[in-house]
Amino acid sequence: MAFPVTAETDRLDRVIARLTGSISRPMRVGGQLLQVNVSVGAARGDAGDQIDAVIKQAEAAMRMAKSTSTTHGPPRWADERQRVRALLDEKEIRVEYQPIVAIDTRLPVGFEALLRVTDKELGVISPEVLVDSASRVRLLDELTLLVSEQALELMQSLSTLTSRRLSLSLNLEFEQLRSDNVTLSWLVDEFTEATIDLILEITERHTMRWTAAHANVARGLARHGITLAVDDFGTGYATYRFLEAWDWAEVKVDRDLVRARNDHGRLLLRHIAALLGELNVHTVAEGIESAELLDYVAGLGFTHAQGYHLGRPMTAVDLLERADAGWLDRPVC
């Protein structure tokens, strides 16, 4: 790859790190997890340089990176069920917490529990891959329960450090919204004494069909004060028809739609914000990474926001330390 001379070295290093990180992240192939490695060479040149010369410099840098790499080698495979089972048994799965902020006050009003996992052999595994694998090998409920236990314990401790009632958002796959789900049963039992609001964000990467059985489960949860939210609205799976299926506590609009740069995308976002406002649903704009974008979604009527500009995911220790210092009761921006 060639970059202009004016590009900063650290920017180039960040691009390479993102590229190698994305390629080497484990992926699911059939019934196994596959990890491949990559070596990247980069060179910079200006308008007066011959492109062939710059490419040769990049190729030489790539060969040097390959020869000095400690991770380069053939692809690594791991049995899908065995790896997920090992991650659960060895407690290699951790949870981080990203704040959800009320736009009017700029105060954190809740946190989303985010799955994080690093396999000893394969390295960092994306939450999407792990959830998909756990679903395929029928360990998804156990994975969700592990996350729920950690998150609920942390949020109970956090609630003692502020005078406001906080919310905890947990991700739940649509397929898990059933009466025999062990995680839902556990949450109902534990939430009886909870001092927080619990929101289950329904996610799905396939078409969702709401049935009477789903409604019965949702009503049972509602009787115990547990509400449901639609996650990643605007991805194409959570349709407008799905909005009328239930009295959702909130709708989270997907970050790609929130950050749309063309007129068509922004028009669609305005219509979605107006519709959700008329439905009197709390709306969360995801992917807020600048003050300008926060002001923009505020003008559209969004009630809540989430993104790096408002707070990056934090470990439980970091969050408790910040909360103990009064962070929860101060505007984040």
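Every heavy atom of this structure was used, including side-chain atoms; hydrogens, water molecules and symmetry mates were not.
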Check for me whether R259 meets the cation-pi criterion with Y296, that is, NZ or CZ under 6.0 Å from the six-membered ring centre and within 45 degrees of the ring axis.
no

Can Q176 and T144 be counted as having a side-chain donor-acceptor contact under 3.5 angstrom?
yes

Report whether F191 and V188 are members of the same hydrophobic cluster (ILVMFWY, side-chain heavy atoms less than 4.5 Å apart, transitive linking).
yes

Under 3.5 Å, is there a donor-acceptor pair between the side chain of Q156 and the main chain of T195?
yes

If we ignore angles and hydrogens, is there a donor and acceptor under 3.5 Å between the side chains of T183 and S148?
no

Same cluster or not: are V182 and L170 linked, directly or through other Ile, Leu, Val, Met, Phe, Trp or Tyr residues, by side-chain heavy atoms under 4.5 angstrom apart?
no

Flag, side chain of E286 to backbone of G307, donor-acceptor distance under 3.5 Å
no

Kindly indicate, with the supporting measurements, whether the criterion side chain to side chain contact (heavy atoms under 4.5 Å, CB included) is fulfilled by V251 and L279.
CA-CA 11 Å; V251 174; L279 292 174; over 6 Å; no

Assess the residue pair T203 and E173 against the criterion (side-chain hydrogen bond (donor to acceptor under 3.5 Å, both in side chains)); give the C-alpha distance rounded to whole Å, side-chain angles, the decisive distance to 0.1 Å, and a yes or no.
CA-CA 5 Å; T203 62; E173 294 292 307; 2.8 Å; yes

Under the side chain to side chain contact (heavy atoms under 4.5 Å, CB included) rule, what do L294 and R106 come out as? Steps first, then yes or no, please.
CA-CA 10 Å; L294 179 61; R106 301 297 201 265; 3.4 Å; yes

Classify the ring geometry between F174 and F242 as parallel (under 30°), tilted (30 to 60°) or perpendicular (over 60°).
perpendicular

Stepwise, does the side chain to side chain contact (heavy atoms under 4.5 Å, CB included) test hold for V109 with H304?
CA-CA 9 Å; V109 294; H304 297 78; 3.6 Å; yes

For the CD1 atom of I196 and the CE atom of M155, what is their distance to the nearest 0.5 Å?
5.0 Å

Any Lys/Arg nitrogen of D232 or K252 sitting under 4.0 Å from an Asp/Glu carboxylate oxygen of the other?
no

State, to 0.1 Å, how close S290 and L293 come at their nearest heavy-atom pair, and which atoms those are.
OG-N, 3.1 Å

Is it true that D197 and R164 make a salt bridge, defined as a side-chain N closer than 4.0 Å to a carboxylate O?
no

Walk me through whether T283 and E250 qualify under side-chain hydrogen bond (donor to acceptor under 3.5 Å, both in side chains).
CA-CA 6 Å; T283 48; E250 67 181 30; over 6 Å; no

Is the shortest side-chain heavy-atom distance between L115 and V131 below 4.5 Å?
yes

Once you round to the nearest 0.5 Å, how far does CD of E153 lie from CD of E190?
10.0 Å

List, one per line, each side-chain donor-acceptor pair under 3.5 Å for residues 325-333, sequence neighbours excluded.
| residue | atom | partner | partner atom | Å |
| --- | --- | --- | --- | --- |
| D329 | OD1 | T162 | OG1 | 2.8 |
| R330 | NH1 | A325 | O | 3.1 |
| R330 | NH1 | G326 | O | 3.4 |

So does D89 have more than 12 non-hydrogen atoms from other groups sitting under 6.0 Å from CG?
yes

Pair R219-N216, side chain to side chain contact (heavy atoms under 4.5 Å, CB included): steps then yes or no:
CA-CA 5 Å; R219 279 192 289 269; N216 287 334; 2.5 Å; yes

Tell me whether E244 at atom CD has more than 12 heavy atoms from other residues, nucleotides or ligands lying less than 6.0 Å away.
yes

Which heavy-atom pair separates P99 from Q306 by the least distance, and what is that distance?
O-CG, 3.6 Å

Using the rule given for salt bridge (Lys or Arg N to Asp or Glu O under 4.0 Å), can you reason through E142 versus R85, listing the C-alpha separation, both sets of side-chain angles and the distance that settles it, and then say yes or no?
CA-CA 10 Å; E142 189 171 342; R85 180 74 269 164; 2.4 Å; yes

Side chain to side chain, F111 and L158, heavy atoms closer than 4.5 Å
yes

Under the 3.5 angstrom rule, does the side chain of R116 hit a backbone N or O of V95 as a donor-acceptor pair?
no

When you compare the side chain of V253 with that of I272, does any pair of heavy atoms fall below 4.5 Å?
yes

Over all atoms of both residues, closest heavy-atom pair of E96 and P313
OE1-CB, 3.4 Å

Between T227 (side chain) and I199 (backbone), is there a donor-acceptor pair under 3.5 Å?
no

Applying side-chain contact (heavy atoms from CB on, under 4.5 Å) between V217 and each of L228, L177, D180, report the one that passes.
L177

Supply the atom-to-atom distance L184 CG to I226 CD1, rounded to the nearest 0.5 angstrom.
7.5 Å

Would you say that Y308 contacts I288 through its side chain, given a criterion of any heavy-atom pair below 4.5 Å between the two side chains?
no

Polar side-chain atom of H214 near backbone of T211 as donor-acceptor pair, under 3.5 Å
yes

Hey, does I202 have a side-chain heavy atom less than 4.5 Å from the side chain of V230?
no

Hey, any chance M314 and I100 share a hydrophobic cluster, counting ILVMFWY side chains that come within less than 4.5 Å of each other, even indirectly?
no

Could you state the interatomic distance from OH (Y97) to CG (L168), rounded to the nearest 0.5 Å?
7.5 Å

Enclosure of H282 NE2 (heavy-atom neighbours >12, cutoff 6.0 Å)
no

What about L166 and L152, same hydrophobic cluster or not, with Ile/Leu/Val/Met/Phe/Trp/Tyr joined at side-chain heavy-atom distances under 4.5 Å?
yes

Calculate, to the nearest 0.5 Å, the distance between atoms CG and CD belonging to L319 and Q98 respectively.
11.5 Å

Side-chain donor/acceptor of W210 to backbone N/O of W246, under 3.5 Å
no

So which atom in R255 and which in G287 form the shortest heavy-atom distance, rounded to 0.1 Å?
CB-CA, 3.7 Å

I'd like to know if R312 pairs up with E289 as an ion pair, taking the criterion as any Lys NZ or Arg NE/NH1/NH2 lying under 4.0 Å from an Asp or Glu carboxylate oxygen.
no

In terms of hydrophobic clustering (I, L, V, M, F, W, Y; side-chain heavy atoms under 4.5 Å; direct or indirect links), are V281 and L243 co-clustered?
yes

For a 4.5 angstrom cut-off between non-hydrogen side-chain atoms, does L88 reach I93?
yes

I want to check something: taking the side chain as every heavy atom from C-beta on, are L145 and W186 in contact at a cut-off of under 4.5 Å?
yes

If we only count heavy atoms from C-beta on, is the E112 to N171 side-chain gap below 4.5 Å?
yes

Compare every heavy atom of V147 with every heavy atom of A113, then report the nearest pair and how far apart it is.
CB-CG1, 4.3 Å

For residues F302 and A273, report the shortest heavy-atom separation together with the two atoms involved.
CE1-CB, 3.7 Å

Let me confirm one number: the CG-CD1 distance from L87 to I125, rounded to the nearest 0.5 Å.
5.5 Å

Between R322 and D318, does any side-chain N to carboxylate O distance fall below 4.0 Å?
no

side-chain hydrogen bond (donor to acceptor under 3.5 Å, both in side chains), that's the test. Do E175 and S135 meet it? Break it down for me.
CA-CA 9 Å; E175 66 186 77; S135 175; 2.9 Å; yes

